[in-house]
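As a basis for the values below, the full set of heavy atoms in this structure was taken, side chains included, without hydrogen atoms, waters or symmetry mates.
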Amino acid sequence: MESGLIVGTGKRMSLGEKLRILTDAAKYDVSCSSSGVGRKGDGTGIGNTLAAGICHSFGADGRCISLLKILFTNECIYDCKYCLNRKSNDVPRASFTPDEICELTIQFYRRNYIEGLFLSSGILYSPTYTMELIYEAVYKLRTLYRFQGYIHVKAIPGADPDLVRRMGLLADRMSVNLELPTAEGLKRLAPNKHRKNILSPMRQIQQGITQNKNEITVYKHAPSFVPAGQSTQMIVGATPESDYQIMMVAESLYQKFELKRVYYSAFVSVNEDKDLPALPGGPPLLREHRLYQADWLLRFYGFEAGELLSEAKPNFNVLLDPKADWALRHLEQFPVEINRADYRSILRVPGIGVKSAQRIVRARRNGNLSFGDLKKIGVTLKRALYFITCNGKMMYPTKLEEDYITRNLIDKKEKLPFDRDGMTYRQLSLFDDCHLEQWKS
Amino acid sequence: MEEYYLICEDSLEGIFTGIYDAYLKKKPHGQIHIILGEDENYRLFATYENCLPDEKKTASVARTIVREFGQEAYLSICRALASREADKGEAVYKTIVTGFSMRNRKELMGNLANPYIHRVFELARFTANEAHYHVEFLRFKELENGILYAVIGPKNNVLTFITPHFADRLPLENFVIYDKIREIYAVHPAKKDWYLVYGDETMEPQERIFSQGERMYGELFSCFFHTIAIKERVNPGLQRNMLPIRYREYMTEFQ
């Protein structure tokens with residue numbers, strides 16, 4: 001089989017070269033978390049996992065490097081327009097063997113470089129064939145090498161459901177990429193993929209997890225199925241969906257498919273195609289940032305997508321984070337009295353996060369809290385002071401007025417798009433050639 | 001009004017013994033202080049006393065803390081005592097004193113409005129965060145004889161907090177973690193319990209010879225590390241926030 005895999009490359013590639021190609025091909029996948037399952041080592045192999053997850057390094061782009069994120073192969077029979085590995089692109093192709101993957105994982109792991117393996121793949125011949133290859137590698141790693149660290153595997157839409165089920169018994173997390181938020185977008189940019197094919201393995205994994213939970217309550221040692229849950233990702237900015245649509249999709253994924261995480265990936269233009277938007281300002285990173293902020297509000301702060309956005313206001317405020325934006329539109333619910341309000345209302349104050357809110361509720365049992373105490377607890381008073389009172393008093397005499405607070409809340413450190421789309425002001429000078437050289441050529 | 005200063009050794013045993021002795025004095029706690037090492041300036045009307053670490057007293061204090069304030073508070077106090085800050089002894093001592101006056105003693109560490117408890121909380125958080133950074137960023141190198149060897153240079157004494165994690169993770173490996181600031185080694189022989197070795201020069205191989213595979217896997221990982229970054233998203237500020245520069249001198253991918 002090995003010789004079949006490297007057909008077309010002419011000569012054998014070195015391991016380093018393969019790693020470079022297959023890392024480069026995998027880097028646009030967002031998820032790299034190793035969280036969701038805590039498991040002690042059993043003393044007979046190598047590895048354990050921590051429920052909170054561990055990042056082992058941070059790349060030049062500031063993204064966490066937790067897992068050895070690679071593709072099994074970057075050969076692909078599909079032709080998705082946004083993807084570097086699409087069939088019609090002329091890029092060097094490579095494939096690992098299962099042994100190479102196992103060896104790399106173990107050797108990296110014992111040096112504490114990584115927390116486990118994230119294995120995805122281009123589609124070689126057929127989804128089921130590809131899934132078999134991935135399964136073989138993971139099976140070897142789990143049984144022969146007795147690896148007990150974290151494994152995240154992509155379920156490939158269209159693969160045999162039985163294979164997905166067996167895979168789930170070996171992996172900690174599985175994910176199926178939604179790719180694009182709506183079915184229309186998917187049809188336009190990924191002609192070989194269908195929404196239905198994506199959602200059916202997602203449903204299958206969800207049902208597997210629920211069923212497995214019931215089994216474990218009865219038989220304590222039943223093998224666990226995808227114990228760290230499943231996740232998905234969608235590309236933001238390649239198709240014209242609004243933030244509202246994206247949030248509604250994310251919310252229904254959390255509620256109806258019980259996903260652990262939804263990842264948003266700012267579209268990076270790697271291919272030239274008439275169906276793809278031109279992004280002269282680079283990937284829409286601020287938009288992605290706002291979506292993640294809103295995602296946190298859904299998962300940890302008890303917000304609903306409908307509270308943050310609506311048909312009439314379909315996109316997030318560029319200047320303010322979604323929580324502050326919500327608070328400013330609901331000033332009638334403020335100020336909140338720190339020493340008396342319930343946990344949920346405290347959590348909704350801008351500048352107070354989950355940890356601070358928990359600490360406040362705990363600390364106030366021993367006496368009234370002052371603004372000084374709040375500062376010690378970790379509240380960002382600079383933001384919170386407009387929305388709270390301590391013992392009936394505000395920190396400074398401030399107006400509870402939308403415009404006034406907005407002016408004070410805008411965070412200059414966030415990369416606001418002033419210099420991206422012509423909103424900068426620059427003094428013209430005689431000697432400024434305004435990049436004339438560029439225009440001449 | 002006379003003040004008492006108990007001079008303790010900079011260790012968990014030293015400070016716990018100091019706290020035991022402070023209670024023996026039967027004086028108002030406001031007049032008793034715990035310091036580490038000699039004071040720079042001796043004060044008037046103050047009595048200085050040396051406390052020698054005592055195993056029985058240490059165990060007694062530890063037992064009392066767990067019984068009265070629970071496991072969470074005990075862990076926080078242990079972490080605070082691993083800190084490099086000089087006021088840790090005093091903060092822990094006064095935290096315990098405050099704890100005994102509280103109605104719900106199991107809620108000790110929640111009482112953040114108290115300055116001493118807040119200080120212990122802060123110190124414990126610093127140690128815990130640093131320990132977590134080391135769990136993330138520590139790098140083993142394989143010596144010629146197959147032993148995994150890691151060097152760290154932490155600000156707080158985190159070695160005892162991180163070694164159990166690696167012992168659970170790599171039960172079949174022989175590994176050594178060396179804290180070069182304090183000259184302590186954590187040694188884990190395969191399939192056995194780990195232990196600490198203090199400043200034994202013979203442990204340090206004069207010229208560490210790494211195995212054949214070490215160079216290859218180091219390079220492979222560096223290649224992976226540099227390839228995985230998306231160049232359209234480069235953000236050194238974010239990288240620095242997440243991975244402080246002081247850890248990088250020990251990390252394979254930055255060498």
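Residue contact with chain A, scored on non-hydrogen atoms closer than 4.5 Å, involves the side chain of B/L148 exclusively. Contact annotation for A/A52: neither backbone nor side-chain heavy atoms come within less than 4.5 Å of a heavy atom of chain B. Only the side chain of B/F166 comes within contact range of chain A, with heavy atoms under 4.5 Å apart. Both the backbone and the side chain of A/I46 come within less than 4.5 Å of a heavy atom in chain B. Proximity to chain B (any heavy atom under 4.5 Å) is restricted, for A/F108, to the side chain, taken from C-beta onward. Using a 4.5 Å cut-off between heavy atoms, A/L68 contacts chain B through both its backbone and its side chain. Proximity to chain B (any heavy atom under 4.5 Å) is restricted, for A/D373, to the side chain, taken from C-beta onward. At a 4.5 Å heavy-atom cutoff, the contact between B/R125 and chain A is made by side-chain atoms alone. Interface remark: A/R365 contributes side-chain atoms only to the contact with chain B (heavy atom separation under 4.5 Å). Of the two parts of A/E288, only the side chain, counted from C-beta on, holds a non-hydrogen atom closer than 4.5 Å to a non-hydrogen atom of chain B. Only the backbone of A/T44 comes within contact range of chain B, with heavy atoms under 4.5 Å apart.
In terms of modelled atom types and a separation under 3.5 Å, the side chain of B/E136 and the main chain of A/H56 share no donor-acceptor contact. Looking only at distances, a side-chain donor or acceptor of A/R63 sits under 3.5 Å from a matching main-chain atom of B/I228.
Ranked by heavy-atom pairs under 4.5 Å with chain A, the list B/E253, B/E142, B/K231, B/K141 is led by B/E142. Contact count versus chain B (heavy atoms, under 4.5 Å) is highest, among A/G62, A/C64, A/G372, A/G16, for A/G62. Listed options B/I117, B/N241, B/L138 were ranked by heavy-atom pairs under 4.5 angstrom with chain A; first place goes to B/L138. No other option in B/E107, B/K191, B/M109 has as many heavy-atom pairs under 4.5 Å with chain A as B/E107. By number of non-hydrogen pairs under 4.5 angstrom with chain B, the leading residue of A/A26, A/C55, A/G47 is A/C55. In terms of heavy-atom pairs under 4.5 Å with chain A, the best-connected choice from B/R240, B/M216, B/H165, B/R248 is B/H165.
Between B/H226 and A/R20 the shortest side-chain heavy-atom distance does not fall below 4.5 Å. In this structure, B/E214 and A/R111 have side chains that are in contact, with non-hydrogen atoms separated by less than 4.5 Å. In this structure, the side chains of A/S57 and B/M251 come closer than 4.5 Å at one or more pairs of heavy atoms. Taking 4.5 Å as the limit, every side-chain heavy atom of A/R146 sits out of range of all side-chain heavy atoms of B/L172. Looking at heavy atoms from C-beta onward, A/R359 lies in side-chain contact with B/F121 at the 4.5 angstrom threshold.
Within 6.0 Å of atom CD in B/Q255, more than 12 heavy atoms from other residues, nucleotides or ligands are found, so the atom counts as buried in its surroundings. Counting heavy atoms of neighbouring residues, nucleotides and ligands inside a 6.0 Å radius, atom NZ of A/K375 does not exceed 12 of them. In B/D193, the CG atom is not crowded: 12 or fewer heavy atoms of neighbouring residues, nucleotides or ligands sit closer than 6.0 Å.
Between B/E232 and A/V268, the shortest heavy-atom distance links the atoms CD-CG1, 3.4 Å. When all heavy atoms are compared, the tightest approach of B/P171 to A/G43 is CG-CA, 3.7 Å. The two residues B/Y217 and A/E103 make their nearest non-hydrogen contact at OH-CG, 3.5 Å. Nearest approach of B/A229 to A/A60, heavy atoms of both residues: CB-N, 3.8 Å. The shortest heavy-atom contact between B/G110 and A/N366 is C-ND2, 4.4 Å. The shortest non-hydrogen separation linking B/H132 to A/G53 is CE1-O, 4.2 Å.
Electrostatic pairing of B/E72 and A/R362 counts as a salt bridge here, judged by a charged N lying under 4.0 Å from a carboxylate O. Under 4.0 Å is where a charged nitrogen must lie from a carboxylate oxygen, and between B/R169 and A/E115 at least one such pair does. Remark: A/K376 does not engage B/E122 in a salt bridge, criterion side-chain N to carboxylate O under 4.0 Å.
The OG atom of A/S265 sits 7.0 Å away from atom CD1 of B/I230, with the distance rounded to the nearest 0.5 Å. Rounded to the nearest 0.5 angstrom, A/E17 CD and B/C223 SG are separated by 8.0 Å. Atom CG of B/L238 is separated from atom CZ of A/F58 by 8.0 Å, given to the nearest 0.5 angstrom. For the atom pair B/F224 CZ and A/D24 CG, the distance stands at 11.5 Å (nearest 0.5 Å). Within the model, atoms OG1 of B/T252 and OH of A/Y113 stand 3.5 Å from one another, a figure rounded to the nearest 0.5 Å. The distance from atom CZ of B/F221 to atom CG of A/L19, rounded to the nearest 0.5 Å, is 10.0 Å.
For the residue pair B/N235 and A/D61, no side-chain donor N or O sits within less than 3.5 Å of a side-chain acceptor on the partner. Looking at A/N112 and B/R139, their side chains never bring a donor and an acceptor atom within 3.5 Å of each other.
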